Trainee: 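A single structure is presented below for examination.
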Amino acid sequence: METASASASASASPWARPAQIRPRSARPPCASPFARADWQTACAAILATNSNSPSAAPPPRVNGGYHSNAKPALADHASLDLDLVPVSNLPRPLSITDLSPAPMHGNQLRVAYQGVPGAYSEAAAAKAYPSCDAIPCDQFEVAFQAVELWIADRAVLPVENSLGGSIHRNYDLLLRHRLHIVGEVQLPVHHCLLALPGVRKELLTRVISHPQALAQCELTLNAMGLNVAREAFDDTAGAAEHVAAAGLRDTAAIASARAADLYGLQILADGIQDDSGNVTRFVMLAREPIIPRTDRPFKTSIVFAHDREGTSVLFKVLSAFAFRDISLTKIESRPHRHRPIRLVDDANVGTAKHFEYMFYIDFQASMAEVRAQNALSEIQEFTSFLRVLGSYPMDMTPWDTASASTISNDITDDSSRSS
Ligand SMILES: O=C(O)C(=O)C[C@]1(C(=O)O)C=C[C@@H](O)C=C1
């Protein structure tokens with residue numbers, strides 16, 4: 001069974017970098033060797049190589065200002081030992097045009113995330129892979145493609161927030177791409193209201209941020225008397241960067257304390273999420289699946305569709321888990337009418353099929369367990385399309401910020417250890 005391939009459309013990041021140079025006193029959670037100049041040099045070198053130029057040397061590996069063995073970012077921003085770099089040296093997000101083969105990268109794991117430095121996704125990448133090279137991408141789709149094209153080894157992408165719910169775009173992309181879920185990470189998300197130094201709350205006419213972040217802070221903003229225009233941005237740190245770069249004195253951004261440090265903004269209010277236990281779940285994606293195990297708690301994610309009328313198929317799927325005492329941790333349905341799925345039969349003949357809905361289920365069992373294998377072979381009998389997105393170690397961090405930062409939890413997928 002096959003999925004349709006992705007059609008990518010992306011544009012470059014619309015905002016410029018702030019011009020000011022900041023002192024080097026903050027250490028980011030995850031290393032990133034890719035500065036804008038590196039990518040341009042790398043792409044130019046690759047183009048030269050592709051056009052059979054024997055003289056094209058690999059680009060020099062320049063550290064974009066990021067420290068490589070930095071600590072993961074946790075909820076407690078005050079405890080971070082940050083090391084600021086000149087803002088002009090921060091890596092810019094990858095865009096579709098950068099997706100040519102990878103430049104030289106040494107042996108560090110390269111992890112793609114959506115956003116710019118200071119985004120929560122960068123912190124999630126650092127929590128999942130503590131000494132990785134974090135590669136910012138301007139869109140989720142670009143992060144998927146970065147892994148598929150070997151520019152990155154992993155992608156870390158948000159799928160669900162405890163306040164805002166599912167991040168549907170990534171569910172759709174999981175289906176359209178062939179990457180495997182190899183792990184998950186729960187990140188406590190602690191939002192700040194950021195503005196240019198000297199700006200007072202009363203001057204604000206607009207708050208900008210990622211739509212999820214705006215939604216997660218809606219009640220608190222209202223309670224603060226900030227009934228001003230809200231505008232969506234690609235990511236929280238990108239919004240902070242924009243306020244700084246454009247010198248906007250009437251606009252605040254919702255972003256992390258690290259974004260305030262990176263882009264020279266002041267924190268007008270701290271902890272403005274509507275729930276102090278605000279947590280976002282991210283999945284770690286790789287080109288190859290990991291080998292499922294039974295010596296620790298595992299989760300398995302599947303997606304399926306059926307072309308029969310009525311609700312009985314869903315009922316049968318759920319009972320296949322219930323009869324085997326397998327707990328579900330997530331169920332999500334996505335409308336899918338306009339995107340045919342290519343199904344391949346035993347004779348390798350492909351047909352395009354339209355399904356009304358795709359159903360995504362996460363269940364608490366490893367594919368190495370017989371009960372999980374039996375449940376799936378039963379489900380396969382009454383579904384027309386079934387794909388295992390991944391079987392991976394559960395992040396056991398409780399969805400509770402108070403305890404999250406104190407629990408040490410080995411969430412790194414096995415395959416990364418050999419990388
Ligand atoms: O904008 C960011 O900083 C992100 O990492 C994205 C994102 C999301 O997509 O949900 C991640 C965590 C928070 O929930 C808010 C935004």
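Small disclaimer: the values here were computed from a predicted structure and weren't measured. Counting starts at 1 for both ligands and their atoms, following the listed order.
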Trainee: Can you produce the list of protein nitrogen or oxygen atoms under 3.5 Å from a nitrogen or oxygen of ligand 1, alongside each distance?
Mentor:
residue	atom	partner	partner atom	Å
ligand 1	1 (O)	T236	N	2.8
ligand 1	1 (O)	T236	OG1	3.4
ligand 1	3 (O)	Y120	N	2.9
ligand 1	3 (O)	T236	OG1	2.5
ligand 1	5 (O)	Y120	N	3.4
ligand 1	5 (O)	S121	N	2.8
ligand 1	5 (O)	S121	OG	2.6
ligand 1	9 (O)	H210	NE2	3.3
ligand 1	14 (O)	Q216	NE2	3.0
ligand 1	14 (O)	T280	OG1	2.8

Trainee: Sequence neighbours excluded, which residues qualify as side chain to side chain donor-acceptor pair (under 3.5 Å) partners of D275?
Mentor: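 In terms of side chain to side chain donor-acceptor pair (under 3.5 Å), with neighbours along the sequence ignored, D275 is linked to no residue.
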
Trainee: Once side chain to side chain contact (heavy atoms under 4.5 Å, CB included) is applied, do any residues pair with Q212, and if so which ones, sequence neighbours excluded?
Mentor: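 Listed in chain order: N161, I167, H210, Q216.
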
Trainee: Is there a side-chain contact between V317 and I361 in this structure, where contact means two heavy atoms from C-beta onward sitting under 4.5 Å apart?
Mentor: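 Side-chain contact under 4.5 Å: yes.
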
Trainee: Could you walk me through whether F304 and F385 pass the ring pair (Phe, Tyr, Trp, His ring centres under 6.0 Å) test, one step at a time?
Mentor: CA-CA 5 Å; F304 65 90; F385 167 80; 9.0 Å; no

Trainee: Please determine, by modelled atom types, if D270 and H190 share a side-chain donor-acceptor pair under 3.5 angstrom.
Mentor: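 D270 vs H190: donor-acceptor pair found between side chains.
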
Trainee: Just jot down the ring pair (Phe, Tyr, Trp, His ring centres under 6.0 Å) partners of F140, sequence neighbours excluded, or say none.
Mentor: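 Ring pair (Phe, Tyr, Trp, His ring centres under 6.0 Å) check on F140 returns nothing, list empty.
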
